[in-house]
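Right, one structure below, let's go through it.
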Amino acid sequence: MNIKIRHANIDDYQAVEVIMRQVQQMHIDWRPDIYRHSDAVLPTEVYEQAVHNETAYVAVCEGQVTGILLLQYRHIECTNQVTRDVIYIDTMAVDEQYRGKGIGHAFFEFLKEMKLQKGFDGIELQVNAKNKAAYQMYANYGFTEKSINMELLEC
C-alpha cells in the first residue's frame, strides 16, 4: 500500500472528523464513565489552528485520508530536569478500515525523520490503558513506559 504523509489542510477536515469519531467511540466503549458523545470530537477551530500552525498531518492512501497525526513541540526546561525538546504526539488515529496496514508505522518513520532533521531529543505520547493494540504497536516500535497515570474512582 502506498502511504503518503503530508501536512493536513482545511479540506481534509470531514475525513479527519470521521476518524476522530471512530476513536472517540472506542474510548466511550472502554470508559463510558469518562468519555461521551459530542457534536464534534475535533472542533473545527482547533483543527484549523493545527493546520495553520503546521502541527497537523494526514496519511493518504489512494487519494483518501486514512490517518491523522496532531503534534505539539515541547521545550522542557526546569531546575529538576535535563533541558529537552520533544515532539509530543497529541493524536495519532487511523481509519478503522485501514488499521494494521502500516499507516501507524509510516507515521513513526515520518516522525523519526522529523526528529533527526529538526534536532529534537525525543518523541513522546500517551496511550489509553485499554488500548492494548496501540500499546503493543508502540512497544514494538521501541517506545518504553515513562510514567503511568493512575486514578481512584471510589472512596
Side-chain angles (χ1 to χ4, degrees), residues 1 3-8 12-51 53-62 64-76 78 81 84-115 120-155:
M1 176 175 284
I3 303 165
K4 179 182 178 188
I5 309 297
R6 64 164 172 78
H7 281 286
D12 297 324
Y13 178 74
Q14 292 303 318
V16 166
E17 181 63 14
V18 166
I19 295 167
M20 295 300 291
R21 285 180 183 277
Q22 293 170 358
V23 172
Q24 181 69 4
Q25 187 58 55
M26 286 190 317
H27 288 123
I28 291 168
D29 292 345
W30 291 325
R31 293 295 306 265
D33 59 317
I34 295 176
Y35 298 98
R36 64 180 174 174
H37 293 280
S38 61
D39 291 336
V41 177
L42 180 61
T44 54
E45 60 274 7
V46 173
Y47 178 75
E48 289 172 356
Q49 188 65 49
V51 168
N53 292 342
E54 297 186 341
T55 57
Y57 297 86
V58 292
V60 178
C61 300
E62 301 165 354
Q64 182 174 338
V65 172
T66 56
I68 177 68
L69 179 66
L70 299 174
L71 304 176
Q72 296 176 15
Y73 305 115
R74 294 182 174 175
H75 178 74
I76 301 161
C78 69
Q81 293 184 17
R84 302 178 335 127
D85 290 301
V86 299
I87 300 171
Y88 181 79
I89 302 171
D90 182 76
T91 299
M92 185 170 79
V94 175
D95 186 293
E96 59 192 9
Q97 295 178 5
Y98 291 88
R99 291 181 193 147
K101 299 190 184 302
I103 294 168
H105 291 288
F107 275 142
F108 286 135
E109 289 301 317
F110 171 80
L111 287 166
K112 283 173 40 181
E113 184 62 30
M114 177 188 288
K115 176 188 170 295
F120 282 92
D121 298 301
I123 301 169
E124 298 181 358
L125 57 80
Q126 185 175 358
V127 62
N128 187 303
K130 300 279 186 177
N131 196 342
K132 303 296 184 195
Y135 180 96
Q136 192 58 52
M137 180 184 70
Y138 301 146
N140 289 345
Y141 213 82
F143 282 80
T144 59
E145 291 180 0
K146 175 182 168 189
S147 63
I148 297 174
N149 293 336
M150 300 175 75
E151 65 183 342
L152 176 63
L153 297 176
E154 297 180 25
C155 297

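We number each residue from 1, following the sequence as shown.
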Identify all side-chain donor-acceptor contacts of residues 125-138 below 3.5 Å with residues at least two apart in sequence or on another chain.
residue	atom	partner	partner atom	Å
Asn128	OD1	Lys130	N	2.8
Asn131	OD1	Ala134	N	3.2
Lys132	NZ	Ala129	O	3.2
Tyr135	OH	Glu145	OE2	2.6
Gln136	NE2	Asn140	OD1	2.9

Side chain to side chain, [X] and [Y], heavy atoms closer than 4.5 Å:
{"X": "Leu71", "Y": "Asp90", "answer": "no"}
{"X": "His27", "Y": "Trp30", "answer": "yes"}
{"X": "Asp12", "Y": "Val51", "answer": "no"}

[X] [atom1] to [Y] [atom2] distance, which is reported to the nearest 0.5 Å:
{"X": "Gln64", "Y": "Gln97", "atom1": "CD", "atom2": "CD", "answer": "7.0 Å"}
{"X": "Ile34", "Y": "Glu151", "atom1": "CD1", "atom2": "CD", "answer": "4.5 Å"}
{"X": "Arg21", "Y": "Met26", "atom1": "CZ", "atom2": "CE", "answer": "15.0 Å"}
{"X": "Asp85", "Y": "Phe120", "atom1": "CG", "atom2": "CZ", "answer": "6.0 Å"}
{"X": "Gln25", "Y": "His37", "atom1": "CD", "atom2": "NE2", "answer": "4.5 Å"}
{"X": "Tyr47", "Y": "Thr91", "atom1": "OH", "atom2": "OG1", "answer": "12.0 Å"}

Could I get the full list of side chain to side chain donor-acceptor pair (under 3.5 Å) partners for Asp39, not counting sequence neighbours?
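Partners of Asp39 under the side chain to side chain donor-acceptor pair (under 3.5 Å) test: none.
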Any donor and acceptor pair, going by atom type alone, linking the side chain of Arg99 with main-chain N or O of Val94 inside 3.5 Å?
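Here the side-chain-to-backbone pair exists.
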